[in-house]
Amino acid sequence: MERLKLVLQYFQSNSESISNGICIVLALVSVKLYTSFDFNCPCLPQYNKLYSLGVMTVPPIIFFFLGVLVNRHTGVMMDEWMRPVGNRSKNPAVVKYLFSAMIQRALLAPMVWILVTLLDGKIFICAFSVSVDPGLFSGVPNNTGLDVVRIMAKVPCKEDVIFQNSSFRKAVSRYVRCYSQAVGWSILLFLIILGAMGRLIKPCFEDHAAFLQTRYWSNYLDVEQKLFDETCVLHARDFARKCVVQFFEDMTEDSILRLPHPSFISNVGERLEEEEERLHGVTKRVQMDQLLNKWYYGKPELDVTRIAHRPRPCVTWQDPGGRALYSEV
C-alpha cells in the first residue's frame with residue numbers, strides 16, 4: 001500500500017510522468033480493444049483490402065490525436081508558441097523540445113495497435129489472401145463454380161462451406177500470417193535499433209549543455225503554468241468568499257446574531273489576513289481583467305534578482321464631481 005502511495009505521489013508531482021502514464025494507459029487500452037474486437041472480414045475481393053487497411057490505420061489515427069489531446073505538453077507548447085513576446089523573449093528550442101516530446105508520447109498507442117495487428121495476422125490475412133498464388137498449395141476447392149480470386153477472398157472466413165474438410169484455408173492462412181508476423185517483428189526491431197542509435201549518436205552531435213537548458217526551461221514553463229493556475233484558483237476562491245460575505249453584510253441592518261463559538265474554528269484573524277494577502281490588493285473585476293491581460297501580453301522576464309515590491313492598495317474617495325476627498329491605505 002505504501003509503495004502504491006509513493007507511485008501515485010510521483011505521478012502527481014511530475015507532469016512528464018503523468019503524460020507517460022496516460023500514454024501507457026492508451027497503449028494498454030488499444031491492446032485490450034483489439035483483443036476483444038471480433039474482426040470479421042467481408043470476404044469479397046473488392047472490399048477485403050480496403051476494410052483491412054481501414055481497421056489497421058483508422059484506430060491508430062484516433063489514438064494519436066487522443067494522445068495529443070491528453071498530453072500536457074500540447075497545451076504548454078501552444079501557449080509558448082502563440083503568446084505575444086511582451087517582456088519575455090521566445091526560445092524556439094523549447095517549443096521544438098515540447099513538440100518532440102508530445103509526438104513521441106502520442107505515437108506510442110498507435111504503434112502498439114499496428115504491431116499487435118501485425119503479430120496477430122488476422123487483418124493481414126484478410127487484406128492479402130487474394131494476392132497469394134494458390135498453386136503453392138494443394139487441395140484448392142475446384143467444385144464450387146467460383147473463380148480463383150473469389151475463392152482466395154474467402155480464405156479469412158473459416159466458417160465458409162467451401163472450406164469444409166479442406167486444409168487449403170489453414171495452409172494459406174498460416175502462410176500469410178508468417179509474412180504478417182515477419183513484418184511486425186521487423187518493424188519492432190527497427191524501432192528498437194532506431195531508439196538505441198538515437199540514444200548513442202545524439203550526444204555526439206548535440207551540445208549537452210544546450211539540451212539541459214532547453215529541458216530546464218521546458219519544465220519551468222510547465223511548472224509556471226501550474227502555479228499560475230493554482231494561484232488563480234486561490235485568488236478566485238477568496239474573491240468569491242469576500243463577495244458573498246459582503247453581500248450578506250449589506251443585507252443585514254444593525255442586527256446582531258449571537259452564536260456559540262465553534263470549537264473547530266481558530267485563528268480567525270490570521271485567516272482573514274491570509275485571505276487579504278492572497279487578494280494582493282485586487283478588489284475589482286476590472287483590476288483582475290487588467291492583471292490577466294498583462295500576464296498574457298507581457299509575461300514577466302525571467303529575473304528574480306530584484307527585490308519584490310508589494311504595492312499597498314490605496315482607496316481614494318471622490319465626490320460626484322470627481323475631486324478626491326480623502327484616501328485610505
Side-chain angles (χ1 to χ4, degrees), residues 23-67 103-197:
C23 293
I24 291 173
V25 169
L26 284 177
L28 295 177
V29 168
S30 66
V31 174
K32 184 63 178 177
L33 282 176
Y34 182 79
T35 54
S36 61
F37 176 64
D38 188 14
F39 178 77
N40 294 314
C41 187
C43 295
L44 295 172
Q46 61 270 32
Y47 295 116
N48 279 13
K49 186 173 295 186
L50 181 64
Y51 178 74
S52 301
L53 294 178
V55 173
M56 188 175 289
T57 56
V58 173
I61 293 174
I62 295 174
F63 282 119
F64 173 77
F65 283 106
L66 280 176
I103 293 297
Q104 290 176 15
R105 290 167 175 78
L107 284 176
L108 177 60
M111 290 307 304
V112 169
W113 176 275
I114 293 174
L115 289 174
V116 169
T117 56
L118 289 174
L119 294 178
D120 180 71
K122 289 186 294 186
I123 295 179
F124 210 81
I125 293 172
C126 180
F128 297 103
S129 61
V130 180
S131 304
V132 177
D133 183 11
L136 299 174
F137 310 94
S138 60
V140 182
N142 53 7
N143 56 352
T144 58
L146 299 175
D147 56 3
V148 177
V149 175
R150 290 186 175 274
I151 292 176
M152 299 304 293
K154 291 181 178 294
V155 167
C157 303
K158 59 182 178 181
E159 68 278 359
D160 200 290
V161 294
I162 66 174
F163 294 118
Q164 290 182 353
N165 302 321
S166 174
S167 61
F168 176 78
R169 190 198 68 82
K170 292 183 178 180
V172 175
S173 299
R174 186 165 50 248
Y175 177 79
V176 180
R177 181 176 282 111
C178 289
Y179 270 100
S180 177
Q181 292 178 347
V183 173
W185 286 116
S186 299
I187 293 176
L188 182 60
L189 179 63
F190 172 76
L191 292 176
I192 293 175
I193 294 176
L194 184 65
M197 294 298 292

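Along the sequence shown, residues carry numbers from 1.
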Closest non-hydrogen atom pair, [X] against [Y]:
X: Arg177; Y: Ile125; value: NH2-CD1, 3.6 Å
X: Ile187; Y: Met111; value: CG2-CE, 4.1 Å
X: Val55; Y: Trp113; value: O-NE1, 3.2 Å
X: Gln181; Y: Leu119; value: NE2-O, 3.2 Å
X: Ser129; Y: Asn48; value: OG-ND2, 4.4 Å
X: Lys49; Y: Ala127; value: CE-O, 3.5 Å

Please report the interatomic distance [atom1]([X]) to [atom2]([Y]), rounded to the nearest 0.5 Å.
X: Leu66; Y: Phe63; atom1: CG; atom2: CZ; result: 7.0 Å
X: Arg169; Y: Met152; atom1: CZ; atom2: CE; result: 11.5 Å
X: Ile151; Y: Cys43; atom1: CD1; atom2: SG; result: 13.0 Å
X: Leu188; Y: Ile193; atom1: CG; atom2: CD1; result: 10.0 Å
X: Trp185; Y: Leu118; atom1: CH2; atom2: CG; result: 11.5 Å
X: Leu50; Y: Leu44; atom1: CG; atom2: CG; result: 11.5 Å

Do Tyr179 and Phe128 have their ring centres less than 6.0 Å from each other?
-> no
When the ring planes of Phe168 and Phe137 are compared, do they come out parallel, tilted or perpendicular, using 30° and 60° as the limits?
-> perpendicular
Listed by chain and number, what are the side-chain contact (heavy atoms from CB on, under 4.5 Å) partners of Ile61, not counting sequence neighbours?
-> Phe65
Could you please spell out the steps behind the disulfide bond (SG atoms under 2.5 Å apart) verdict for Cys41 and Cys126?
-> CA-CA 6 Å; Cys41 187; Cys126 180; 1.9 Å; yes
